[in-house]
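Have a look at the structure below before the remarks.
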Amino acid sequence: MTNRQETGQGSAQKRKRPKICFAASSGGHLEELLMLRPLMERYDSFIVTEKTAYTVHVEGIRCHYLLQVNRLEKTCVPRLFANTVHSFAICLAEQPDVIVCTGVLATIPLCLLCKLFGKTLIYIESFAKVKTPTLTGKLLYRFADRFYIQWPKLQESYPKAVYRGSVY
């Protein structure tokens, strides 16, 4: 028996459960992300989504909110800047180990900041995109540690992506 086994240190030192940030814009992207609820319940998890007219409440899971961003509106850049500042605060407060994201624009600063802090980024390309990639997917593909597609046709656009079917 080793010294470590005799003192019980090996069994007493449990691995820390990873903290996972689940991030998505509102609407269908969030609905897709919520299909991963069983995964959320297995880990110390929280959700980051856009603040809209309706409040997202997921029983037992903390939620943080970013500003809604539309790339076609004049407020796009100021809102992205505000989301960057808010995402930085979320990263500091929550200190996630992993971020799982289904997009879109409002979540990009959060994803990039987490990568900057050395966290694992997992991106799931939208179920709605059967043949062509999203702009967010094209941007985050190069940063993602794991990139999932939900349609085999997208393998042409994302050769290193993983196809395992859809989240639905």
Side-chain angles (χ1 to χ4, degrees), residues 18-130 132-151 154 157-158 161 166-168:
K19 185 182 270 191
I20 303 178
C21 170
F22 289 87
S25 57
S26 58
H29 291 276
L30 181 60
E31 180 184 322
E32 237 174 281
L33 193 70
L34 291 176
M35 296 303 294
L36 302 176
R37 176 73 192 251
L39 188 61
M40 292 176 192
E41 292 171 351
R42 287 180 47 202
Y43 297 96
D44 181 6
S45 302
F46 64 97
I47 294 172
V48 177
T49 190
E50 295 173 318
K51 183 71 174 165
T52 60
Y54 60 92
T55 301
V56 174
H57 177 72
V58 180
E59 180 94 18
I61 299 176
R62 296 177 309 286
C63 290
H64 297 275
Y65 300 96
L66 300 171
L67 297 175
Q68 235 178 350
V69 179
N70 181 332
R71 65 185 170 87
L72 303 176
E73 292 179 358
K74 292 177 185 177
T75 60
C76 177
V77 172
R79 285 174 173 265
L80 276 174
F81 179 76
N83 280 351
T84 301
V85 171
H86 194 66
S87 294
F88 185 75
I90 292 169
C91 287
L92 288 178
E94 292 283 359
Q95 298 183 12
D97 299 301
V98 178
I99 180 167
V100 177
C101 182
T102 57
V104 292
L105 193 54
T107 62
I108 290 174
L110 179 68
C111 291
L112 294 178
L113 281 169
C114 283
K115 279 307 294 178
L116 185 65
F117 292 143
K119 307 308 178 186
T120 301
L121 173 60
I122 299 170
Y123 187 82
I124 303 169
E125 183 64 291
S126 174
F127 179 77
K129 298 303 281 187
V130 178
T132 59
T134 62
L135 292 174
T136 303
K138 287 196 289 190
L139 173 68
L140 294 180
Y141 178 67
R142 69 188 91 184
F143 299 103
D145 296 286
R146 200 71 182 251
F147 194 99
Y148 288 93
I149 54 175
Q150 299 185 61
W151 297 98
L154 285 176
S157 298
Y158 304 118
S166 76
V167 297
Y168 292 103

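Evaluation of the side-chain hydrogen bond (donor to acceptor under 3.5 Å, both in side chains) test over residues 80-90, restricted to residues two or more places apart or in two chains, returns none.
Residues L113 and I90 are not in side-chain contact: their nearest non-hydrogen atoms beyond the backbone lie 4.5 Å or more apart. Here the side chains of F127 and V167 are not in contact, with every heavy-atom distance at 4.5 Å or above. Side-chain contact between T134 and V104 is absent, with no heavy atoms from C-beta onward closer than 4.5 Å. With contacts defined as side-chain heavy-atom distances shorter than 4.5 Å, the pair W151/K129 does not qualify. When side chains are defined from C-beta on, R42 does not count as touching I20, because their heavy atoms never get closer than 4.5 Å. Two residues are said to be in side-chain contact when any heavy atoms from C-beta on lie closer than 4.5 Å; P109 and L80 meet this criterion. A heavy-atom distance below 4.5 Å is not found between the side chains of L139 and T136. Inter-residue side-chain proximity for T120 and R146 is flagged as unmet; no heavy-atom pair is nearer than 4.5 Å.
Side chain of T107 to main chain of A24: no donor-acceptor pair is present (N/O by atom type, distance under 3.5 Å, no hydrogens or angles). Side-chain atoms of R71 never come within 3.5 Å of backbone atoms of C76 as a donor-acceptor pair (strictly under, hydrogens ignored). With Q150 contributing its side chain and E125 its backbone, the two residues share a donor-acceptor pair below 3.5 Å.
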### Query
Is there a salt bridge (Lys or Arg N to Asp or Glu O under 4.0 Å) between K115 and D145 once you walk through the steps?
CA-CA 9 Å; K115 279 307 294 178; D145 296 286; 2.9 Å; yes
### Message
For a side chain to side chain contact (heavy atoms under 4.5 Å, CB included) check, start with the C-alpha distance between F22 and V48, then their side-chain angles and the critical distance, and finish with the verdict.
### Response
CA-CA 6 Å; F22 289 87; V48 177; over 6 Å; no
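The only member of I124, V100, T102 that meets side-chain contact (heavy atoms from CB on, under 4.5 Å) when paired with Y148 is I124.
Nearest heavy-atom pair across K19 and R62 is CE-NH2, 4.0 Å. Minimum interatomic distance between P96 and C91 (heavy atoms only, all atoms of both residues): CD-O, 3.9 Å. Shortest non-hydrogen contact noted between T49 and S26 is OG1-N, 3.7 Å. Between I99 and A23, the shortest heavy-atom distance links the atoms CD1-CB, 4.1 Å. Closest heavy-atom contact between A106 and L67: CB-O, 3.6 Å.
No more than 12 heavy atoms of other residues, nucleotides or ligands shown are found within 6.0 angstrom of CZ on F88. With a 6.0 Å radius and a threshold of 12 heavy atoms from other residues, nucleotides or ligands, F81 has its CZ atom at or below the threshold.
Ring-plane geometry between F147 and Y158 is classed as tilted, the angle between the planes lying from 30 to 60 degrees on a 0 to 90 degree scale. The aromatic rings of H64 and F46 sit perpendicular to each other, their planes meeting at more than 60°, with 30° as the lower class boundary.
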